[in-house]
Amino acid sequence: MLLEVKDLHASIGGKEILKGLSLTIKAGEVHAIMGPNGSGKSTLAQILAGREGYEVTAGSVRYNGVNLLDLEPEGRAQAGLFLGFQYPVEIPGVNNVYLLKAALNARQKAAGKPEIDAVSFMRLVKEKAALMEMDQSFLSRSVNEGFSGGEKKRNEIFQMAVLEPTLAILDETDSGLDIDALKVVANGVNLQRRDDRSVLLITHYQRLLDYIEPDYVHVLANGKIIHSGDKSLALQLEAEGYDALMAKAAG
Amino acid sequence: MNLDPKNYRAALANTLKQDADAGHPEWLLPIRNKALEQFLKQGFPHTKLENWRYTNLAPMSERSNASVAQPVAVSDAIVPATDSDSLMLVFINGMFSSHKSSHSATLANGVVSNMAAQLDTDGAEDWLRNSGDSDLAQLNLAMTNDGAVVQIPDNTELAETIHIIFSNTAEANVFPRVIIQLGRNAKATVVEHHISNAACVSTAITNISCGEGSRITYQKLQEEHAGSFHVAAQTIKLAKDSHCDIVNIDLGAAIARNDLRILLQGSGAAAKVNGLFLVDAERHADNHLRLEHQAPHTRSRAQYAGVMANKGHGVFNGMIHVAQTAQKTDAALNNKNLLLTPGAEIDTKPELEIYADDVKCAHGSTTGQLDAVSLFYLRSRGVPQQIARNMLVQAFALEVVQQLTSKNLREYIQNSVEQRLNELGAVIET
Ligand SMILES: Nc1ncnc2c1ncn2[C@@H]1O[C@H](COP(=O)(O)OP(=O)(O)O)[C@@H](O)[C@H]1O
Ligand SMILES: [Mg+2]
């Protein structure tokens, strides 16, 4: 079992957002979580990545056999977790490649391995940029600064490609993308699918799932997973809308 | 204030003897005597003065009997990185070092020289006497041993950067002086760099005058020893259509005070200022800036960034002053600060004083901590918290550092900042 979320309750500012969420992901699986705006999708992603400010009031999260909630955000990343942000942050003055180098070296160090040498690093970075059809000029720019919405999402998947995570959580990586950009991003993710790499896709629309085929689809509403199924569930949602499912769950 | 005139008079006697030994002109003697008496009458500025509220120079006056600079062996002086083609003037403990300098002669066209070598030229009395009216100008005038003189004639552009280095190796009083005069449409880039590896007391005065249509790029870098005092004042006069582009980086000394005063005297004059102060340990850094718009259609843009940590205390006082005649002034002044630890402090006061009615003026200041979302983003990539914090502080400083025109100097200062942040690392907690 790679990730095991059990009966997770979490609140922010005294307001309960997650109300008993459970989810299990095995190695190599691709899961999609769909749900209406405000249902708690990003909250789940941020809590898994270690964002401060949330209070976990009940439940547990195990990742690769350890209590994930005990780890600092950097510790989680070093253990192979990656979060693609719904809103990637612009950080003027911090160079894209410099960030990746610091991140990779921190991971190497945590694993007791030597730092990656400059030549291999640049080769890796250039190869992955090409994979994402990113212009080389993006490498030396400040993190996300002045990037368009699509460029930011592409940059997230590029970072994922360089960091080679064990579990990638991609929070609305499809939102704000035109169809060409969506294809590039989806292709980037598909090329990274491996038996030992799992993906949790968070999305509001079925559209992304036409390009990245999930093994499982879950519907998150009001802080809980109310329904799980295979990829056909996404099509059913598209046809019937969330309301019907939510009514069924409530009824 | 505890100021013992005996020490200063003894120091002056010493300076006058050096003047005589060097064969300096006789007009120096009465000027120095008068300047010292004027300084003694007024004394060191004290904290009851509004301008000096936050900065107490009393400990500096107590070190008045530290010896006045003497020539020393130059081997252990720090001489920072510089561009290979720059014109380098190096002063060690206040005295010109022809050995360390890459340049000491008069240019074919214009002057880039040490001051002592220029005292018997026409006009020297004027430029020396004209010290500006900052509070320690008279003290500097009485005592200054040497400094730099840069004179660029009309319609002349100096391609090389002039790098003036004041490097101190002794616990001594030094009185650096810099004089820069640009003719009509002249152009020059000057770096004034203060650095020391001993707890010196430096009282530095810089006067820059810019002729019509001229361009000066002036970059002052201060990285004195952690036990030093550094009290400096620059006066910059801008004639019609002349522009100055200024960087002021303040990284060192126990107590640092910088007064930068820019007078926009002719229409079309423009000033751009970028300042950075990094105040950690128990340091104190006080930056004063005055932008005086005295003519119509003048423009200024000033931005100071402060980083405070541990028990560091930063002060910023910036003033845009617009005279009645200075219609169509366009001025903006901003100070933004980062407080990295709970014990750190900043007192910031941007001010406007406007006597004209058709102007565009903006001023403001912000003080905050590192952005939590940016920090989380970096950590979520696996970057350890401390490194992520340093990356963000460096990015904040970089906005100013990247204004430095020399690539070598940019890297050098970036390294200085990084080193300081790494030293801080151990003491910063979340
Ligand atoms: N910092 C916060 N403070 C208070 N409420 C928040 C905060 N962040 C999110 N919420 C609330 O939590 C709920 C879930 O938000 P979110 O997880 O972003 O939803 P989703 O990603 O599914 O659209 C929403 O009602 C939102 O308003
Ligand atoms: Mg969301």
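Within every chain, numbering begins at 1; the chains are lettered A, B, ... in the order of the sequence lines, protein sequences first and strands thereafter.
For residues 108-124 of chain A, an interface with chain B (any heavy-atom pair closer than 4.5 Å) does not exist. Of all residues spanning residues 68-76 of chain A, those with a heavy atom less than 4.5 Å away from chain B's heavy atoms are A/Glu72, A/Pro73, A/Glu74, arranged by number. Of all residues spanning residues 368-378 of chain B, those with a heavy atom less than 4.5 Å away from chain A's heavy atoms are B/Val373, B/Ser374, B/Phe376, B/Tyr377, B/Leu378, arranged by number. Within residues 149-168 of chain A, the residues having any heavy atom less than 4.5 Å from a heavy atom of chain B are, in residue-number order, A/Glu156, A/Gln159, A/Leu163.
The greatest number of non-hydrogen atom pairs below 4.5 Å with chain B, out of A/Asn105, A/Leu99, A/Leu104, is found for A/Leu99. Among B/Gln394, B/Gln402, B/Arg381, the residue making the largest number of heavy-atom pairs under 4.5 Å with chain A is B/Arg381.
In this structure, OH in A/Tyr54 is found 4.5 Å from OG1 in A/Thr43, a value given to the nearest 0.5 Å. The distance from atom CG of B/Asp250 to atom CZ of B/Arg283, rounded to the nearest 0.5 Å, is 5.5 Å.
No side-chain N or O of B/Asn408 forms a donor-acceptor pair with one of B/Ser406 less than 3.5 Å apart. No side-chain N or O of B/Asn248 forms a donor-acceptor pair with one of B/Gln222 less than 3.5 Å apart. Side-chain atoms of B/Lys272 and B/Gln403 form a donor-acceptor pair, as typed in the model, at a separation below 3.5 Å.
In this structure, the side chains of A/Phe85 and B/Ser380 come closer than 4.5 Å at one or more pairs of heavy atoms. Put simply, the side chain of B/Leu398 does not reach to within 4.5 Å of the side chain of B/Val417, judged on heavy atoms. Side-chain contact between B/His193 and B/Tyr412 is present, with at least one heavy-atom pair separated by less than 4.5 Å. Under the 4.5 Å side-chain criterion, counting only non-hydrogen atoms from C-beta, A/Leu44 is in contact with A/Leu18.
The part of A/Ile91 that comes within reach of chain B is its side chain, from C-beta onward, which places non-hydrogen atoms under 4.5 angstrom from that chain.
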Is there a side-chain hydrogen bond (donor to acceptor under 3.5 Å, both in side chains) between B/His230 and B/Glu224 once you walk through the steps?
-> CA-CA 7 Å; B/His230 180 91; B/Glu224 304 272 28; 3.0 Å; yes

Check the pair B/Asp347 / B/His313 against side-chain hydrogen bond (donor to acceptor under 3.5 Å, both in side chains), numbers first and verdict last.
-> CA-CA 8 Å; B/Asp347 287 288; B/His313 183 189; 2.7 Å; yes

Could you please spell out the steps behind the side-chain hydrogen bond (donor to acceptor under 3.5 Å, both in side chains) verdict for A/His9 and A/Glu16?
-> CA-CA 7 Å; A/His9 290 253; A/Glu16 186 165 62; 3.1 Å; yes

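Using a 4.0 Å cut-off between charged side-chain N and carboxylate O, B/Glu399 and B/Lys336 make a salt bridge.
A/Tyr87 OH: 12 or fewer foreign heavy atoms inside a 6.0 Å radius. At most 12 non-hydrogen atoms from other residues, nucleotides or ligands lie less than 6.0 angstrom from CD of B/Glu282. Remark: A/Asp135 CG is packed, more than 12 non-hydrogen atoms of other residues, nucleotides or ligands lying under 6.0 Å away.
Residue B/Gln219 is tested with B/Asp245, B/Leu404, B/Val190 for a side-chain contact (heavy atoms from CB on, under 4.5 Å); the sole match is B/Leu404. Here the options are A/Leu23, A/Leu201, A/Thr203, the test is side-chain contact (heavy atoms from CB on, under 4.5 Å), and the partner is A/Ile33; only A/Leu23 passes.
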